[in-house]
Trainee: 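Attaching a single structure in structure tokens format; questions to follow.
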Amino acid sequence: MAESSSTIAKPKIELGSETVQELLLLAKGEQQVPEKYIHKVGAPDASSVQLKDIPVIDLRLLLTTPSSITQQQLDNFRSALTTWGCFQVINHGMTPEFLDKVREMTKEFFALPTEEKQKYLRQVNDIQGYGNDTVFSEQQTLDWSDRLYLSVYPEEHRKLKFWPQNPKSFSEILDQYTMKLQVVTKTVLEAMARSLNLDVNCFRDLYGEQGKMDVRFNFYPPCSRPDVVLGVKPHADATLITHVLQDKQVEGLQFLKDDQWFRAPIIPEALLINVGDQTEILSNGILKSPVHRVVINPDTVRISLAAFCMPESDREIEPFESLVNESTPRLYNKVKNYDSIYFEYYQQGRRPIEASKI
């Protein structure tokens with residue numbers, strides 16, 4: 001079959017949107033939820049969604065030399081990726097105390113006065129900075145969440161004017177955290193390749209020295225009507241892999257598996273890692289990018305921190321040749337700049353990966 005590149009419309013100019021925290025301040029305790037946050041199909045009743053254990057992977061076992069990793073360990077890892085598309089990773093090189101520092105600085109930033117946070121306000125048509133959803137349409141349903149979005153790697157992509165000066169330790173802790181995540185990322189990418197019997201460096205080389213890591217600090221205020229809002233609407237990620245540091249106490253993350261939603265359990269010392277769309281394309285559909293969402297707690301604030309790991313934007317992505325044959329034909333076209341088109345699709349409740357399918 002002849003190769004072709006996927007053509008996906010570029011994002012439109014976005015509109016402005018205030019943060020949820022600002023709306024709540026203006027509401028002064030009123031319980032009515034603005035129309036633009038209400039999901040027409042309704043939000044889930046959290047009590048009706050089952051808690052289901054997600055596979056736990058010991059990263060120390062994957063850090064050993066390839067010859068030391070047993071086939072059983074690789075089979076367990078591959079099973080987690082093919083059946084769930086995500087896993088909880090322990091022994092990743094970060095202490096529980098350090099992860100608590102990361103969580104605490106997240107809470108401290110969002111607890112700042114509005115005028116202080118607005119120093120880092122995202123500009124229209126720029127993803128980096130503090131704010132709410134990127135808005136492409138007046139008809140768009142917004143997420144009940146605020147976020148601080150920062151590009152970390154390559155370092156020349158950093159816009160330090162958006163890096164908070166308060167808390168004072170913010171930049172130092174974020175630097176430490178993301179440097180450690182780079183080690184986790186490369187280890188997981190190598191293990192993914194081994195689990196598919198591919199060259200050990202094939203995913204890692206795509207990420208490379210110029211691979212992108214963006215982070216998003218998430219703040220989910222409580223809402224008196226959790227049945228009509230969502231913290232994050234259902235979606236799959238545009239990444240190779242995504243790291244999520246969950247709130248230590250408040251649940252909210254849910255995954256879709258076998259047409260059913262399941263609550264992701266909290267393991268305070270673990271990172272939750274999920275496969276993204278670009279890995280699904282590269283693996284020719286063997287590894288699936290899981291659809292997930294975030295629900296809102298009616299009484300308690302929830303925070304989280306996601307780190308998105310992607311190839312350089314201008315790298316072309318297509319299924320690895322060794323995974324395409326007569327019995328498993330190519331399922332995806334070649335794509336480029338996948339992350340740049342992702343956000344408009346997300347806001348429309350659509351998956352850009354559908355446009356790349358043959």
Side-chain angles (χ1 to χ4, degrees), residues 14-51 103-104 106-118 120-122 129-149 216-235 237 244-256 260-266 272 291-306 343 346-349:
E14 63 173 270
L15 309 169
S17 174
E18 64 232 308
T19 66
V20 178
Q21 283 179 294
E22 289 168 6
L23 284 172
L24 292 174
L25 284 173
L26 291 170
K28 297 179 180 177
E30 292 181 17
Q31 299 298 303
Q32 190 167 356
V33 177
E35 181 70 23
K36 62 185 176 181
Y37 289 94
I38 295 176
H39 286 260
K40 301 300 183 288
V41 295
D45 175 6
S47 63
S48 68
V49 178
Q50 182 183 348
L51 182 71
R103 292 183 178 103
E104 189 56 35
T106 304
K107 292 176 182 176
E108 287 178 9
F109 171 76
F110 287 108
L112 292 172
T114 299
E115 59 270 20
E116 179 70 17
K117 292 195 291 284
Q118 285 183 335
Y120 311 104
L121 200 61
R122 178 178 62 80
Y130 166 69
N132 193 285
D133 275 341
T134 49
V135 180
F136 299 104
S137 164
E138 293 286 4
Q139 288 73 47
Q140 181 178 320
T141 304
L142 302 184
D143 292 338
W144 192 262
S145 61
D146 297 333
R147 72 283 309 262
L148 174 67
Y149 196 104
R216 193 179 74 199
F217 297 85
N218 300 304
F219 181 84
Y220 304 101
C223 180
S224 60
R225 292 294 310 278
D227 57 318
V228 298
V229 301
L230 282 169
V232 178
K233 61 182 69 69
H235 69 289
D237 293 340
V244 179
L245 179 63
Q246 293 201 79
D247 193 294
K248 195 173 179 177
Q249 297 174 315
V250 185
E251 283 185 20
L253 181 60
Q254 300 183 351
F255 283 90
L256 185 65
Q260 278 189 293
W261 288 102
F262 294 99
R263 289 153 45 210
I266 295 172
L272 190 147
V291 172
H292 50 286
R293 68 186 179 189
V294 174
V295 298
I296 294 299
N297 190 290
D299 306 306
T300 310
V301 164
R302 180 177 180 271
I303 57 98
S304 68
L305 172 55
F343 290 100
Y346 165 73
Q347 299 300 0
Q348 296 170 355

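The first residue in the sequence is number 1, and the count goes up from there.
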Trainee: Can you tell me how far the CG atom of L142 sits from the CG atom of N132, to the nearest 0.5 Å?
Mentor: 5.5 Å
Trainee: Please round to the nearest 0.5 Å and tell me the distance separating atom CD of Q140 and atom NZ of K233.
Mentor: 5.5 Å
Trainee: For the pair Y130 and F110, name the ring-plane relationship: parallel under 30°, tilted 30 to 60°, perpendicular over 60°.
Mentor: tilted
Trainee: What's the spacing between D227 CG and I38 CD1 if we round to 0.5 Å?
Mentor: 9.5 Å
Trainee: Starting from the C-alpha separation in whole Å, work towards a yes-or-no answer on side chain to side chain contact (heavy atoms under 4.5 Å, CB included) for F109 and T106.
Mentor: CA-CA 5 Å; F109 171 76; T106 304; over 6 Å; no
Trainee: Below 4.5 Å, heavy atoms only, C-beta onward: do W144 and P226 meet side chain to side chain?
Mentor: no
Trainee: I'd like to check I266 versus E251 (side-chain heavy atoms, cut-off strictly below 4.5 Å). Are they in contact?
Mentor: yes
Trainee: Roughly how far, to the nearest 0.5 Å, is the OG1 atom of T141 from the NZ atom of K36?
Mentor: 11.5 Å
Trainee: Go through it in stages, so that I can follow the logic: the residues are V232 and Y220, the test is side chain to side chain contact (heavy atoms under 4.5 Å, CB included), and I'd like the CA-CA distance, side-chain angles, deciding distance and then a yes or no.
Mentor: CA-CA 9 Å; V232 178; Y220 304 101; 3.4 Å; yes
Trainee: Closest approach of D143 and G231, non-hydrogen atoms and distance?
Mentor: CB-O, 3.0 Å
Trainee: Could you tell me how the ring of F255 sits relative to the ring of H292: parallel (under 30°), tilted (30 to 60°) or perpendicular (over 60°)?
Mentor: tilted
Trainee: Going by the side-chain contact (heavy atoms from CB on, under 4.5 Å) test, name the single residue among S145, C223, P222 that passes it with I296.
Mentor: C223
Trainee: Q21 and D146: which non-hydrogen atoms are nearest, and at how many Å?
Mentor: N-OD2, 3.0 Å
Trainee: Is there a side-chain hydrogen bond (donor to acceptor under 3.5 Å, both in side chains) between Q260 and Q50 once you walk through the steps?
Mentor: CA-CA 9 Å; Q260 278 189 293; Q50 182 183 348; 5.7 Å; no
Trainee: Return yes if some donor-acceptor pair links the side-chain N/O of R263 with the main-chain N/O of V49 below 3.5 Å, else return no.
Mentor: yes
Trainee: Let me see the working for L230 and V295 under side chain to side chain contact (heavy atoms under 4.5 Å, CB included), right down to the final yes or no.
Mentor: CA-CA 5 Å; L230 282 169; V295 298; 4.1 Å; yes
Trainee: Show the nearest heavy-atom pair for residues V301 and V250, with the distance to one decimal.
Mentor: O-CG2, 3.6 Å
Trainee: Please say which of K248, Q246, E104, R103 ends up in a side-chain contact (heavy atoms from CB on, under 4.5 Å) with I303.
Mentor: R103
Trainee: Do L245 and F217 have side chains that get closer than 4.5 Å, going by heavy atoms?
Mentor: no
Trainee: Going through the distances and angles, do N297 and R302 end up as a side chain to side chain contact (heavy atoms under 4.5 Å, CB included)?
Mentor: CA-CA 8 Å; N297 190 290; R302 180 177 180 271; 5.8 Å; no
Trainee: Working to the nearest 0.5 angstrom, can you tell me the gap between F219 CZ and R147 CZ?
Mentor: 12.5 Å
Trainee: How long is the gap from CZ on R122 to CG on L148, to the nearest 0.5 Å?
Mentor: 11.5 Å
